[in-house]
Amino acid sequence: MHFMHISEDTILLLYEIVDVIISGLTNGSVYALMAVGLTLIYGVTKAFNFAYGSFFNLGGYCAWILIGIVGLAGGYFSIFLAVVPVLFVVGYLLEKVLVAPLRKYEDWENKVMMMTLGLALFMDNLYVVVFGGRVKSLPPILEGTLEIGQLVFTYLDITIFFLSIGGILLFGWLLNNTRIGMAVKAVAQNPEGARIVGIPKERIFAATFAISTVMVGFGGILLSQKYFISPMSGGAIMVKSWVITAFGGMGSIRGGLYAAFIIGMMEAFVGWGFGMSYGMIALFILLLTTLVVRPQGLMGKS
Amino acid sequence: MMRKFALLAVTILFLAAFGGTASAADTIPVGVPLAMTGAYTGSGQDYFKGIKMAIDEINEAGGLLGKQLEIIRYDSKEFAPEVVMQGADYLCGQKKVASVHAGWAGWGQDVRAYGKYDAPFFADDGSQAAVDVFREDPKKYYNIYQLTDVGVEQAKSMFRLLMTLPYKYPNNKVVIINTDDSWGVEVGDTLEKSFKEKGWKVAKRETVPYGTNEWGAILTQIRRIKPAIIHVEIPSAQEVITFFRQFIKRPTKSILSYGWGITPREVLQNLGKDADGIVGEMPSGLPGPKAPNPAAQAWIDKYVKLYKHQIPAGSWITYTAVKAWANAVKNVGDAYNFKAVNKYLKDNGYKGLLGQIKWDKDNVLRAQPGAPIVHYQVQGGELIAIYTDPPIKPYGNYKFIVPRWIK
Amino acid sequence: MSFKRMATIMGGTFGLVAAAPLFVGDIRFIMHILIMCLIWAVVASCWDLIMGFAGIFSFGQVAFFAIGAYSSAIFSVNLGVPAVLAMLLAGLFTALIGVLVGLPCLKLAGPYVALVTFGVHMTLMPLLRGKIGMALGSGGSVGILTIPPIRIFGYSFSSANLVPTFYFALLLAMACTAVILVVIKSHWGTAFLALKDSEDFAMSLGVSAFKYKLMVFALTSFLTGVIGAFYGHYIGMISTRMLELDLFCTLMVMVVVGGIGMFPGTILGAFITVIANELLAPLGTYRAMVMGALVVILVLLLPNGVMGFWLKPAEAEAPAA
């Protein structure tokens, strides 16, 4: 009898650990989706975009307008179809109008950081003015839950998981196997060399910004279904993406992917074992120790 | 050259647009410091709606002592100490307002800042810290009025409700989750103490930072504990919505108590009927959806017509505070005789829509029949008042319904 | 820019400010704003020193400011240390933290440094609110609401008597910015410029990047800590609300307005930003939006901030390409 009792406890504990692992995987897929665009911009253009989190919410708000106000038919498929070109144009113009003119300065990297910080301040408060301070919600792309014994998954989480990983793998493939992808990589690795062989560097920079804006906006549409759209949340999303990018190595997409899952898992286990309020402290310690050993992050090139 | 010119032009434009704002002499200025930017904008907007409604009513009825009231707003941003102090100096010192109507205002910092002046200051800090500051020097802080009872008392009321519900708890285990700010900690500590005194087991107490939206790690422990009650005290919509969505995936047979966290209106806007069964409270509330008397019902109808949504926390009591102040001024006959206005407020309180309200010796509007703590349950996607406190008693014909995930 | 010109601009600004109480001495609201301007001028100048001159993209300024304010408050409230001494101790303590933060940063690239230093800012809030903070006397999420004012020979400098407090703040701000000025124009300043131009070359000449960067971390965090301590004693209360993003953004605007690496522009930047912020206050929710737009426009159109007006064409930062 006594033996039975212990084994039941052990099984419960096992279930709990499996649950925490699932929570970590969910975190990880969310983070991967958040961070991949940021690492791309930095890798290719060496510009650091602090307004990144605000573009995340831009995607969410675009979808909200299309569903709530325009009443677009065709579900999320038509929404993605409608929003992607908007985000692309916004990202392209952003680079051309606001970032490119700064490149002529010696300390342009710092100036871009300052400029994009201002842009984030502008955009976040614009959202408050236009949409109000209250959070908005999007309907889930897929309703319902999947039950496997004791374990329950929402279809939304499953969708996020597969779209996140699938999207990033597809993106990596495009980067390695298409003309434009290779041009982007060439610029990232050697901007001068790329120019000599006739790749229009300026246009690649702008295109990279545009692609990254599309990716983060896409992430925004998807994740807002789970976490809702809050006008001032851009900063928190930015910081999360920043930590993941830095931890994985800025510019390394694969590094970002690993980092997202490591951090997601760590947060789940720290929250479970020590308490949710220790998440941020643990994250910082992890980041610091990693950077002391590897200043360029997990997979970054020094 | 063009650059300099452009900058010059921008500067001049700014100065021209905002330099020359002066208030007319034949109005009575009323200060309204609320968060208009930053993380607390949402709550600031709700408080403002109540204040504005009252002031518009007074103005439409011919003003106060024959003068129109003029709202002077101040952005409390995110309540940094010097911003709170600057707000007091701006409104009371500079604009010479006759009274100040705030909502969340600084949790003690505001008492210090506005206590330097004499104009009546109404805040909804709901915090013991603010009362502790008041108690240091009640004479100096005589112009500070709190519109809701402190977190400790609200938490005791929540506990009373949970113990009063016509429901037999299957066990004596409770899980308490609260935020890491003064409100959350105050409520969490009080609940923990109350439960322990009653012989309950606090199986888990978790303090979480704002922005916690992934609850898997906590929920898995809750599922093992199988508590009879889960209390979540987070005064921010996003967190409580995500908690519920993830909880309901695989619920435990627990009464889900959200405390104040049920009141931000997007909670129900987003969850709708899914949230049916959750209980929560609103301090200094106006019970509904059917109000206790025709006047209160008319107020609810007017509010809903005006702002197109249900009554959020804070709107009604800030409205009442404006009216209470105006009533005191009318009786004193001079908006700037602060000593007399404060004395009138303190001695007489005000007869509001639910009856007499009175501030206690700490200038706190303790829970009382005229401004009760209202306990709600979500039913049919709407907040239904099931109990009022004090004294704790069922409200109207509304009944507590055992949540569907327990049946 | 020459030492003389910098000193002239600083002297002129502080001189003008010093005369202000003659006209507005009895208007509390304006006196308070002026004192805050002086405080922010120091914090922003320190930020400029570390970012604009030393080229370290540190985001820890607000954190150091809060550490200074908290440590001084804790020293004086819990240990009964006189305020002036507590301020000095707070400065030293903040400098120590600054060095500890600086150490891992020195090998890192720009955005990484920004992240690590900002990480200090991010962790400070849960730390001060949590059990560790409470044990140290941070007052948790309530904050410390009874900080004694600075007393010298029985005379107290607090928000109750603003004019003397204003002059105290002015002297403190002048001392701090004078230190920054001297540093910029000394051997250090030259070393920074050399390091910024070409770290490899400077190091080959025997300029130790490590040593100088660590020293600049220590110095800026010391000054920021002292002025943060002053802030606490002046306002009489502090809370973790200081660490919300609002202050961070405002300081950033100051640096941009003043011109990055254009000391003493940040002193002007602090005054202009605070005044603009107050003038824009009637805009309410739109204010923060306008401030954001202003940063974008300024970075694009006026890369040297207001100092652009003082620079001779030859001194203006030449585009690299």
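Note on naming: letters A, B, ... go to the chains in the order of the sequence lines (proteins, then strands), and numbering restarts at 1 for each one. Quick caveat, the model's predicted, so the values are computed rather than measured.
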Expected output: side-chain [X] to main-chain [Y] donor-acceptor under 3.5 Å:
X: B/D125; Y: B/A105; answer: yes
X: A/S241; Y: A/I237; answer: yes
X: A/S29; Y: A/I160; answer: no
X: B/N178; Y: B/E233; answer: no
X: B/E214; Y: A/S23; answer: no

Please determine, among [options], the option with the most heavy-atom pairs under 4.5 Å with chain B.
options: A/A268, A/G275, A/G271; result: A/G275
options: A/G133, A/G24, A/S233; result: A/G133
options: A/M232, A/M280, A/K226, A/R134; result: A/R134
options: A/L151, A/L13, A/N27, A/V20; result: A/N27
options: A/W272, A/Y278, A/F269; result: A/W272

Check whether [X] gets within reach of chain A through its side chain, its backbone, both or neither, counting any heavy atom under 4.5 Å.
X: B/T242; value: both
X: B/D180; value: neither
X: B/Q45; value: side chain
X: B/E206; value: side chain
X: B/Q246; value: side chain

With a 4.5 angstrom heavy-atom cut-off, which part of [X] approaches chain B: side chain, backbone, both or neither?
X: A/T154; answer: both
X: A/D124; answer: neither
X: A/K136; answer: backbone
X: A/M276; answer: both

Next item on the list: With B/R224 as the cation and A/Y15 as the aromatic partner, state whether NZ or CZ is under 6.0 Å from the six-membered ring centre and within 45° of the axis.
Entry: no
Margin query: If only side-chain N and O atoms count, and only distance matters, is there a donor-acceptor pair under 3.5 Å linking B/K49 with B/H309?
Written below: yes
Notebook entry, point to check: Shortest non-hydrogen contact from B/I225 to B/A203?
Noted result: CG2-CB, 3.4 Å
Next item on the list: Mind telling me whether B/W107 and B/W104 have parallel, tilted or perpendicular rings, with 30° and 60° as the class edges?
Entry: tilted
Checklist line | Sole candidate of A/L257, A/V216, A/I168, A/T245 that passes side chain to side chain contact (heavy atoms under 4.5 Å, CB included) when paired with A/V36 | finding: A/I168
Max heavy-atom pair count under 4.5 Å with chain A, selected residue of [options]:
options: B/K204, B/M36, B/R250; value: B/R250
options: B/R245, B/K249, B/R265, B/E266; value: B/E266
options: B/L219, B/T212, B/I177, B/D46; value: B/D46

Check: Between A/K240 and A/E267, does a salt bridge (charged side-chain N to carboxylate O under 4.0 Å, His left out) hold up when you go through it step by step?
Finding: CA-CA 12 Å; A/K240 252 302 149 43; A/E267 276 191 349; 3.1 Å; yes
